[in-house]
**Q** 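I have a structure here, written as structure tokens, and I will follow up with some questions on it.
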Amino acid sequence: MGSFLAEMYLWVKAFHVMAVIAWMAGLFYLPRLFVYHAEKAAPGRDMDALFQTMELKLYRVIMGPAAIAAWVFGLGLVMTPGIVDWSQVWPWAKAVSVLAMTWFHFWLGTRRKEFSAGHNRLTGRHYRMMNEVPTLLMAVIVLSVIVRF
């Protein structure tokens with residue numbers, strides 16, 4: 001398995017980067033949709049139904065598959081011999097940040113279900129603040145992988 005991953009390293013890395021880009025696009029956009037949904041669409045109205053459709057499609061059709069692909073290809077990279085030195089700090093920083101990003105993904109899924117049930121309890125301001133979470137995590141991930149601090 002190790003030699004196969006070593007031979008396929010650049011392909012796995014390329015697919016990992018593409019999957020992460022797609023996942024991040026959703027992680028940036030879904031909280032922004034929630035801002036407008038919370039501020040502009042009353043439950044049960046046409047605009048509410050439109051937001052729910054957009055949020056569902058984004059979460060299930062784009063973000064879900066992209067997150068799975070990012071994890072699969074990322075684990076492929078981790079299992080490639082000679083790529084990750086776990087005695088350094090950077091892979092641990094990245095791992096913790098990826099786990100936090102995954103938690104945030106599921107947190108968004110829970111909020112989407114609350115909107116769908118007509119039970120959103122958060123304000124647009126709250127979603128604006130939460131919209132910064134993936135940016136901060138992305139910065140830690142990119143810096144840890146590129147700079148390898």
Side-chain angles (χ1 to χ4, degrees), residues 1-39 41 49-117 119-149:
M1 177 77 156
S3 63
F4 173 76
L5 288 172
E7 290 173 22
M8 298 303 294
Y9 173 72
L10 292 177
W11 285 98
V12 173
K13 187 176 179 180
F15 284 115
H16 177 66
V17 169
M18 288 186 274
V20 168
I21 290 170
W23 188 25
M24 290 302 303
L27 290 171
F28 288 141
Y29 190 50
L30 190 56
R32 180 55 50 183
L33 283 176
F34 290 164
V35 168
Y36 300 131
H37 195 164
E39 293 179 350
L50 176 63
F51 275 115
Q52 285 186 41
T53 299
M54 293 168 57
E55 293 157 0
L56 178 65
K57 300 277 186 190
L58 179 60
Y59 190 77
R60 287 206 180 146
V61 177
I62 297 171
M63 292 172 63
I68 291 167
W71 267 93
V72 167
F73 291 117
L75 290 173
L77 293 173
V78 167
M79 293 187 306
T80 303
I83 298 302
V84 178
D85 178 1
W86 291 99
S87 68
Q88 296 179 342
V89 174
W90 75 266
W92 295 102
K94 180 182 178 182
V96 168
S97 297
V98 169
L99 289 172
M101 191 84 75
T102 303
W103 169 85
F104 185 69
H105 175 99
F106 289 112
W107 182 85
L108 291 172
T110 301
R111 303 295 75 78
R112 189 202 62 75
K113 288 178 183 176
E114 288 175 357
F115 272 113
S116 181
H119 295 104
N120 174 52
R121 54 185 166 70
L122 302 176
T123 65
R125 182 173 187 271
H126 189 104
Y127 289 119
R128 277 189 185 85
M129 290 188 308
M130 291 306 287
N131 199 35
E132 303 307 320
V133 169
T135 304
L136 297 172
L137 293 170
M138 178 206 50
V140 172
I141 291 167
V142 170
L143 290 171
S144 60
V145 170
I146 303 298
V147 178
R148 294 195 175 199
F149 55 80

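Just so you know, these numbers come straight off a predicted model, no measurement behind them.
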**Q** Measure the spacing between CG of N131 and CZ of R128 and express it to the nearest 0.5 Å.
**A**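 Result: 9.5 Å between the selected atoms.
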**Q** Once salt bridge (Lys or Arg N to Asp or Glu O under 4.0 Å) is applied, what residue pairs with a partner in residues 101-115 remain, sequence neighbours excluded?
**A**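 Qualifying pairs, neighbours excluded: R111-E114, E114-R121.
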**Q** Would you name the heavy atoms of L122 and A38 that are closest together and state the gap between them?
**A**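 Looking at all heavy atoms of both residues, the closest pair is O-CB, 4.0 Å.
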**Q** Given Y59 and F115, is the ring-ring contact (aromatic ring centres under 6.0 Å, His included) satisfied, shown in steps?
**A** CA-CA 13 Å; Y59 190 77; F115 272 113; over 10 Å; no
**Q** How would you list all residue pairs meeting side chain to side chain donor-acceptor pair (under 3.5 Å) that involve residues 72-89, not counting sequence neighbours?
**A**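 Found D85-S87, Q88-W90.
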**Q** Rounded to the nearest 0.5 Å, what's the gap from CZ on F34 to CG on L108? Could you check?
**A**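 Taking CZ in F34 and CG in L108, the distance rounds to 5.5 Å.
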**Q** Would you confirm whether H16, through its side chain, and F73, through its main-chain N or O, come within 3.5 Å as a donor-acceptor pair?
**A**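 No: the side chain of H16 does not pair with the backbone of F73.
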**Q** Tell me if the CZ atom of R60 is crowded by more than 12 foreign heavy atoms within 6.0 Å.
**A**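 For R60, atom CZ is not crowded (no more than 12 foreign heavy atoms under 6.0 Å).
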**Q** Where is the tightest heavy-atom contact between S97 and V140, given as atom of each residue plus distance?
**A**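 Result for this residue pair: OG-CG1, 3.1 Å.
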**Q** Please find the pair of heavy atoms, one from Y29 and one from L58, that lie closest to each other, and give the distance.
**A**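 Where Y29 meets L58 most closely, the heavy atoms are CD2-CD2, 3.6 Å.
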**Q** Where is the tightest heavy-atom contact between I141 and V98, given as atom of each residue plus distance?
**A**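 Where I141 meets V98 most closely, the heavy atoms are CD1-CG2, 3.9 Å.
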**Q** Atom CH2 of W71 and atom NE2 of H105: how far apart are they, to the nearest 0.5 Å?
**A**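 The distance works out to 12.0 Å.
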**Q** Enter the distance from F51:CZ to N120:CG here, rounded to the nearest 0.5 Å.
**A**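 Those atoms lie 12.0 Å apart.
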**Q** With sequence neighbours excluded, what pairs up with R148 under the salt bridge (Lys or Arg N to Asp or Glu O under 4.0 Å) test?
**A**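 Listed in chain order: nothing, the list is empty.
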**Q** What distance do F4 atom CZ and M79 atom CE have between them, rounded to the nearest 0.5 Å?
**A**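 It comes to 10.5 Å.
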